[in-house]
There are 2 protein chains.
Amino acid sequence: MSQPNDLKNVGLKATLPRLRILNLFETSEVRHLAAEDVYRILLAEGVDVGLATVYRVLTQFEAAGLLVRHHFESGKAIFELNQGRHHDHLVCLQCGMVEEFYDAEIERRQEQIAKERGFRIQEHSLYLYADCLKTDCPHKT
Amino acid sequence: MSQPNDLKNVGLKATLPRLRILNLFETSEVRHLAAEDVYRILLAEGVDVGLATVYRVLTQFEAAGLLVRHHFESGKAIFELNQGRHHDHLVCLQCGMVEEFYDAEIERRQEQIAKERGFRIQEHSLYLYADCLKTDCPHKT
DNA sequence: TTGTATGCAAATGGTTTGCAAGGGC
DNA sequence: GCCCTTGCAAACCATTTGCATACAA
């Protein structure tokens, strides 16, 4: 369960909306959530929160390094808990399920390519859009 | 110069806006353009076109395989000519410049990873967000 | 108490759509 | 001439912002 100190450590007051949002990312089995998802889930949990607050808090959490923001094809921003380990994403185009992966060789080549061309990488995102081929494709977003 | 047949071959009538938009992508030295960019450039060229038409034509061209649509961090969709060869993108966070690259080993690993996990890749995009470190960073978007 | 955070509603920015007029073929 | 295409304006959707109130410290 997220503690008030988790927030104070990054310089944010421990308010109810912030605690609930952080807690949601820490406990939900679905790791990738859009602002609208967070808003809907909190309302369902009986938390009287505004959508604008959700957006503000998500942005603050991203700035504080608690969350990572992704831009998949959907057009809406997707957030996930920042657990330190960089990774890439496989996104099922049929059911929206997101699976994570990490490949050291791909990371190495990226560094190499950037260096060759005189760039300094700030961040990078590899999205594989695919069909997951599960018999039922059950992971509805 | 783009010909009426380029459009008829993909099942689209050769209208003025379509010809001018295709021509723009074929001749512009800037390969990556947002709808707004296309609109602004055409107006400057004296073509009386509507922004809605630009959006419609870009979407049709994407469906026809003439253009590829990208979702960089900016929040706006970016289009480029589909020249058959898949490639990835280095995007300068300072000046917006886009540089393309292709790495066979990265492609191989992606295929491998998808296969291992039972996915069938439909499309994939690798974006490296970086600082281009050019002394003047001159390529303003 | 005091300044930051919140909720609401209105504003914004990119993109889409309804509709009547226009233009390929 | 027929039907697809266009331009305009209004609608849409995700996100941001202004402002008066509420709340953590």
Side-chain angles (χ1 to χ4, degrees), chain A residues 2-24 32-43 45-64 66-67 69-79 96 141, chain B residues 2-24 32-43 45-64 66-67 69-79 96 141:
Chain A
S2 44
Q3 300 299 321
N5 279 341
D6 297 341
L7 292 173
K8 294 188 185 139
N9 290 341
V10 295
L12 294 171
K13 278 189 191 172
T15 66
L16 207 172
R18 285 177 181 157
L19 283 168
R20 297 300 297 245
I21 290 173
L22 182 53
N23 183 242
L24 175 55
H32 301 83
L33 299 169
E36 187 72 35
D37 300 329
V38 173
Y39 176 64
R40 198 162 14 77
I41 294 172
L42 289 190
L43 285 194
E45 291 179 351
V47 184
D48 180 28
V49 70
L51 182 55
T53 299
V54 172
Y55 275 103
R56 276 186 288 235
V57 170
L58 291 175
T59 300
Q60 292 159 350
F61 282 6
E62 184 199 12
L66 294 174
L67 296 180
R69 182 194 302 252
H70 295 289
H71 300 88
F72 297 150
E73 316 200 286
S74 66
K76 349 160 58 148
I78 302 291
F79 296 83
T141 303
Chain B
S2 45
Q3 301 298 320
N5 279 340
D6 297 342
L7 291 172
K8 294 184 185 145
N9 290 341
V10 296
L12 293 172
K13 277 188 191 174
T15 65
L16 207 173
R18 285 177 181 157
L19 283 168
R20 296 300 297 245
I21 291 174
L22 182 53
N23 183 242
L24 175 56
H32 301 83
L33 298 169
E36 189 72 38
D37 300 328
V38 173
Y39 176 62
R40 198 161 15 77
I41 294 172
L42 288 190
L43 285 194
E45 291 179 351
V47 184
D48 180 28
V49 70
L51 180 54
T53 299
V54 171
Y55 275 103
R56 276 186 289 236
V57 170
L58 291 175
T59 300
Q60 291 160 350
F61 281 6
E62 184 198 13
L66 295 174
L67 295 180
R69 182 194 302 251
H70 295 290
H71 300 87
F72 297 149
E73 313 201 290
S74 66
K76 358 168 37 156
I78 301 290
F79 296 83
T141 302

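Remember, it's a predicted structure, so these values are computed and weren't measured experimentally. Proteins come first, then strands; the chains are lettered A, B, ... in the order of their sequence lines, and each starts at number 1.
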Round to a whole Å and report the spacing from CD of A/Gln60 to C1' of C/dT4.
10 Å
Are A/Leu7 and A/Leu66 packed together at the side-chain level, in the sense that at least one heavy-atom pair is separated by less than 4.5 angstrom?
yes
If I take atom CG in residue A/Leu58 and atom P in nucleotide C/dT6, what distance separates them, rounded to the nearest angstrom?
11 Å
Check whether any side-chain N or O of B/Asn23 sits under 3.5 Å from a backbone N or O of B/Leu19 as a donor-acceptor pair, and report yes or no.
no
Terminal contacting nucleotides, 5' and 3', DNA chain D versus chain A (heavy atom, 4.0 Å):
D/dA14 to D/dA25
Determine the contact category for A/Ala34: base if any of its heavy atoms lies under 4.0 Å from a base atom, sugar-phosphate if only primed atoms, P, OP1 or OP2 are that close, otherwise nothing.
nothing
Comparing nearest nucleotides in DNA chain C, the 5'-proximal residue of the pair A/Gly50, B/Ala77 is A/Gly50
Non-neighbouring partners of B/Ala63 that pass side-chain contact (heavy atoms from CB on, under 4.5 Å), sequence neighbours left out:
none
Quick one: A/Leu12 CG to C/dA5 C1', roughly how many Å, whole number?
11 Å
How close or far is atom P of C/dT6 from atom CG of A/Leu42, stated in whole angstroms?
12 Å
Indicate yes or no for a side-chain donor-acceptor contact from B/Arg18 to the backbone of B/Lys13 under 3.5 Å, with no hydrogens or angles considered.
yes
Between A/Arg20 and A/Glu45, does any NZ, NE, NH1 or NH2 come within less than 4.0 Å of an OD or OE carboxylate oxygen?
yes
Taking the side chain from B/Thr53 and the backbone from B/Val49, do they hold a donor-acceptor pair closer than 3.5 Å?
no
Atom of A/Ile78, atom of A/Ala34 and distance for their closest heavy-atom approach:
CD1-CB, 3.9 Å
Distances under 3.5 Å between protein N/O atoms and the N/O atoms of nucleotides 17-24 of chain C, please, pair by pair.
from	atom 1	to	atom 2	distance (Å)
C/dG18	O6	B/Arg56	NH1	3.3

Taking all non-hydrogen atoms of both residues, which atom of B/Leu51 and which atom of B/Tyr39 are closest, and how far apart?
N-CE1, 3.4 Å
